[in-house]
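To start, the structure itself, in structure tokens.
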Amino acid sequence: MNFIIASNNRGKLREFKELLNIELIPYRDILGDINIEESGKTFKENALIKAREVYKRVGEGAIVISDDSGLSVPILNGEPNIYSARYAGEGATDRENLEKLIGKLKDMGVERTEAYYTASIALVGDFGEWTAHGWCFGEIIDSPKGKNGFGYDPIFIPYGYKKTFGELNKNVKKSISHRVKALENIKPIIQMLISNNFIF
């Protein structure tokens, strides 16, 4: 029975393997390049869409894990939310998305405001479906700092810290990140499946 991740992001693949302590196969290794339209209205819906599509194409015997995550800024009515990866348009780079968000803050005359990251993890297989969530709360600033991480990390300062995710040591980020929290919440389900011989 194959355990497949519905992502080709190497960093994400490594993070999932380390935290879940299981072998994962990127879906591209089996299906090649496929286009999955993320048409959901929530992180949970998009995570399930990706996992369901890969599971449908691979067939019985597969267990698929996927995630959808992003940043929400209350003062901007929750933007960019589920559009975090394509905030500046389809195919936008991290830098372009970041610059659009900073531009909106500056247009409002805001230098610092509340924000939070959300991660939704979906698990789909012959047994059914499970989802789990994780959050990281903090603030964003209108001037990037640090080169670590990716996406909006250079402007996000988690509560309890004075540095952005772009400045903090990666081990610190891993201990408090939204994705790590979501993975920890889904981990008991994976352990249950393994112990009951659903996997391997």
Side-chain angles (χ1 to χ4, degrees), residues 6-16 19 36-50 66-122 131-186:
S7 173
N8 292 304
N9 183 298
R10 291 184 180 181
K12 190 179 294 186
L13 177 62
R14 182 171 58 253
E15 189 175 54
F16 275 48
L19 289 167
I36 302 175
E37 183 181 354
E38 297 177 30
S39 57
K41 296 181 179 180
T42 65
F43 293 111
K44 176 181 176 179
E45 288 178 3
N46 281 333
L48 281 167
I49 285 170
K50 288 184 279 189
S66 70
D67 88 303
D68 196 52
S69 56
L71 181 75
S72 299
V73 184
I75 200 174
L76 297 177
N77 296 316
E79 293 182 12
N81 200 262
I82 60 171
Y83 303 104
S84 292
R86 52 190 188 278
Y87 193 40
E90 291 294 336
T93 64
D94 282 356
R95 188 68 189 183
E96 289 168 339
N97 290 327
L98 185 66
E99 288 176 351
K100 179 177 179 177
L101 182 54
I102 290 174
K104 288 210 169 189
L105 295 181
K106 290 186 174 180
D107 287 344
M108 298 179 70
V110 174
E111 295 181 357
R112 190 181 186 110
T113 188
E114 293 181 344
Y116 59 93
Y117 275 116
T118 302
S120 180
I121 305 290
T131 58
H133 289 78
W135 290 271
C136 183
F137 295 87
E139 297 177 308
I140 56 170
I141 54 178
D142 68 349
S143 179
K145 294 182 180 180
K147 297 182 179 180
N148 295 330
F150 56 91
Y152 302 96
D153 287 352
I155 63 170
F156 182 81
I157 301 174
Y159 285 143
Y161 295 84
K162 295 182 179 180
K163 295 182 178 181
T164 69
F165 267 166
E167 297 174 295
L168 288 171
N169 180 283
K170 66 178 182 178
N171 290 326
V172 173
K173 180 186 174 183
K174 282 174 63 176
S175 69
I176 62 174
S177 85
H178 50 300
R179 186 173 293 111
V180 166
K181 292 175 182 177
L183 286 170
E184 288 295 339
N185 287 334
I186 203 75

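Only heavy atoms go into these numbers, but all of them, side chains included; no hydrogens, no water, no symmetry mates. Computed from a predicted model, the values in this text were never measured in an experiment.
Within a 6.0 Å sphere centred on CG of Asn169, other residues, nucleotides and ligands contribute more than 12 heavy atoms. No more than 12 heavy atoms of other residues, nucleotides or ligands lie within 6.0 Å of NZ in Lys44, so this atom counts as exposed by the packing criterion. Atom CD of Glu111 sits in a sparse spot, with 12 or fewer heavy atoms from other residues, nucleotides or ligands closer than 6.0 Å.
Scanning all heavy atoms of the two residues, the minimum distance from Val73 to Pro80 falls at CG2-CD, 4.4 Å. Nearest approach of Lys162 to Ile157, heavy atoms of both residues: C-CG2, 4.1 Å. Summarising the geometry of Ser69 relative to Arg179, their closest heavy-atom pair is OG-NH2, 2.9 Å, with the distance given to 0.1 Å. Nearest heavy atom pair, residue Ser84 against residue Asn97, reads O-ND2, 3.4 Å. Across Ala47 and Ser120, no two heavy atoms sit closer than the pair CB-O, 3.6 Å. In this structure, Leu168 and Pro158 approach most closely via the heavy-atom pair CD1-CG, 3.9 Å.
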* From CA spacing to verdict: side chain to side chain contact (heavy atoms under 4.5 Å, CB included), Ile49, Asp68 -> CA-CA 10 Å; Ile49 285 170; Asp68 196 52; over 6 Å; no

* To do: Please test Asp142 against Val110 for side chain to side chain contact (heavy atoms under 4.5 Å, CB included), starting from the C-alpha separation and ending with a verdict.
  => CA-CA 7 Å; Asp142 68 349; Val110 174; over 6 Å; no

* Applying side chain to side chain contact (heavy atoms under 4.5 Å, CB included), run through Arg112 and Ile141 and close with a yes or a no. => CA-CA 4 Å; Arg112 190 181 186 110; Ile141 54 178; 3.9 Å; yes

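The closest side-chain heavy-atom distance from Ile75 to Glu114 is not below 4.5 Å. Counting only heavy atoms from C-beta outward, the side chains of Val180 and Glu15 approach each other to under 4.5 Å. With a 4.5 Å cut-off on side-chain heavy atoms, Tyr117 and Ile176 do not count as touching. Between Glu45 and Leu48 there is no side-chain heavy-atom pair separated by less than 4.5 Å. Tyr87 is not listed as a side-chain neighbour of Glu99, based on a closest heavy-atom distance of 4.5 Å or more. Contact annotation: the side chain of Asp67 never approaches that of Phe43 to less than 4.5 Å [non-hydrogen atoms, C-beta and beyond]. Proximity of Ile140 to Thr113: side-chain heavy atoms (C-beta onward) are separated by under 4.5 Å at one or more points. In this structure, the side chains of Cys136 and Phe165 come closer than 4.5 Å at one or more pairs of heavy atoms.
Under a cutoff of 6.0 Å and an axis angle of 45°, Lys173 and Phe150 form a cation-pi pair.
Taken to the nearest 0.5 Å, the OG atom of Ser177 stands 8.0 Å off from the CG atom of Leu19. A distance of 8.5 Å separates OH in Tyr83 from CG in Asn46, rounded to the nearest 0.5 Å. Rounding to the nearest 0.5 angstrom, the gap separating the OG1 atom in Thr93 from the CZ atom in Arg86 is 15.0 Å. Atoms NZ and OG, from Lys106 and Ser143 in turn, are 6.5 Å apart once rounded to the nearest 0.5 Å. Rounded to the nearest 0.5 angstrom, Asn148 CG and Lys163 NZ are separated by 10.0 Å. Taken to the nearest 0.5 Å, the CG atom of Asp94 stands 9.0 Å off from the CG atom of Asp153.
In this structure, Lys145 does not pair ionically with Glu167, as no charged nitrogen and carboxylate oxygen lie closer than 4.0 Å.
With Thr118 contributing its side chain and Gly70 its backbone, the two residues share no donor-acceptor pair below 3.5 Å.
In this structure, Tyr159 has its ring center no closer than 6.0 Å to that of Phe137.
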